[in-house]
Amino acid sequence: RPPMKRSIPWSRLAAEAVVVVGSILLAFAIDAAWDRYRMLEEEREVLLAVQQELQEVGVVIGATRDSTRLARVNLSFFLESAPDEIAAVPASEIQDRLYSPLIRQWGAAIPRGALDAATGSGQLAGVRDPTLRAALARLSSRHAHVDEIRRVIGELDIATAAVLGEFDGMRLGGFSQVGPETLGAVRRDPRIKGAASAKHAFLGGSLGILAELEASVDETLDLIEAAVER
């Protein structure tokens with residue numbers, strides 16, 4: 001007579017099924033927890049890099065604002081002074097008080113490598129805090145405004161430098177040979193006066209744009225600090 005098959009109790013089958021299902025769910029939970037941990041660490045690393053860069057941006061903005069204000073003071077002197085007063089500027093002061101304010105781009109380039117890299121890679125889209133995401137987007141927009149005003153001023157500077165080059169000695173390194181007659185003629189030239197007036201206005205606009213960027217930087221730094229501490 002063939003041996004009888006032993007039946008496995010349903011309770012045992014149920015227990016084994018629970019163990020298998022529980023193991024699968026635990027594995028999924030571990031994977032999900034690990035993925036979340038990696039996502040949070042990646043977000044933290046990106047935000048810390050942007051935070052460090054924005055701290056550098058604040059320093060550059062401060063220095064740029066100071067040099068721009070000084071340039072506007074010198075441009076005001078050029079615009080408000082009579083040709084005879086401009087003619088009396090000593091040769092040793094021509095570069096700082098007259099030439100550079102007319103043709104130089106003031107301020108260093110504002111750092112934005114970390115922000116651009118995170119934006120280009122799509123990492124900023126993964127930032128969980130919607131307020132911080134919006135602040136980072138505004139920051140990129142402010143940078144674009146700075147780039148545009150610098151481009152406009154740079155084009156004006158190139159054109160002005162070409163006009164100044166028509167006057168004897170009005171080139172870098174040659175100011176010791178510039179006489180009062182030349183300086184007076186420079187002040188009377190309507191092209192240079194117009195360029196000085198335009199640049200004075202553009203530099204005023206750039207100060208406003210820098211102020212907007214600085215406000216965005218401060219706002220973003222506060223939000224980043226709160227995010228990385230969570």
Student: So, E155 and R150, do they make that salt bridge, N to O below 4.0 Å?
Tutor: no

Student: For Q52, does the CD atom have more than 12 heavy-atom neighbours from other residues, nucleotides or ligands under 6.0 Å away?
Tutor: no

Student: Looking at side-chain heavy atoms only, is the closest gap between I110 and L213 below 4.5 Å?
Tutor: yes

Student: Are any of the side-chain heavy atoms of Q95 and R104 separated by less than 4.5 Å?
Tutor: no

Student: Just how far is it from atom CD1 of I153 to atom CZ of F202, taken to the nearest 0.5 Å?
Tutor: 7.5 Å

Student: Is any side-chain heavy atom of T160 less than 4.5 Å from a side-chain heavy atom of K199?
Tutor: no

Student: How long is the span from the CD atom in Q123 to the CG atom in L115, to the nearest 0.5 Å?
Tutor: 11.5 Å

Student: So does D168 have more than 12 non-hydrogen atoms from other groups sitting under 6.0 Å from CG?
Tutor: no

Student: V228 and L54: same hydrophobic cluster, using ILVMFWY side-chain contacts below 4.5 Å?
Tutor: yes

Student: Hey, does I192 have a side-chain heavy atom less than 4.5 Å from the side chain of L164?
Tutor: yes

Student: Please name all residues satisfying side-chain contact (heavy atoms from CB on, under 4.5 Å) with Q177, sequence neighbours left out, ordered by chain then number.
Tutor: none

Student: Run the side-chain donor-acceptor check on residues 78-90: report pairs under 3.5 Å with partners two or more places apart or on a different chain.
Tutor:
unit_1	atom_1	unit_2	atom_2	d
S81	OG	F77	O	2.6
E85	OE1	A82	N	2.8

Student: Closer than 4.0 angstrom, basic N to acidic O: yes or no for E53 and R112?
Tutor: no

Student: At their closest point, which heavy atom of R188 faces which heavy atom of E181, and how far apart are they?
Tutor: NH2-O, 4.3 Å

Student: What I want to find out is whether E219 reaches R138 closely enough, with some N-O distance under 4.0 Å, to be called a salt bridge.
Tutor: yes

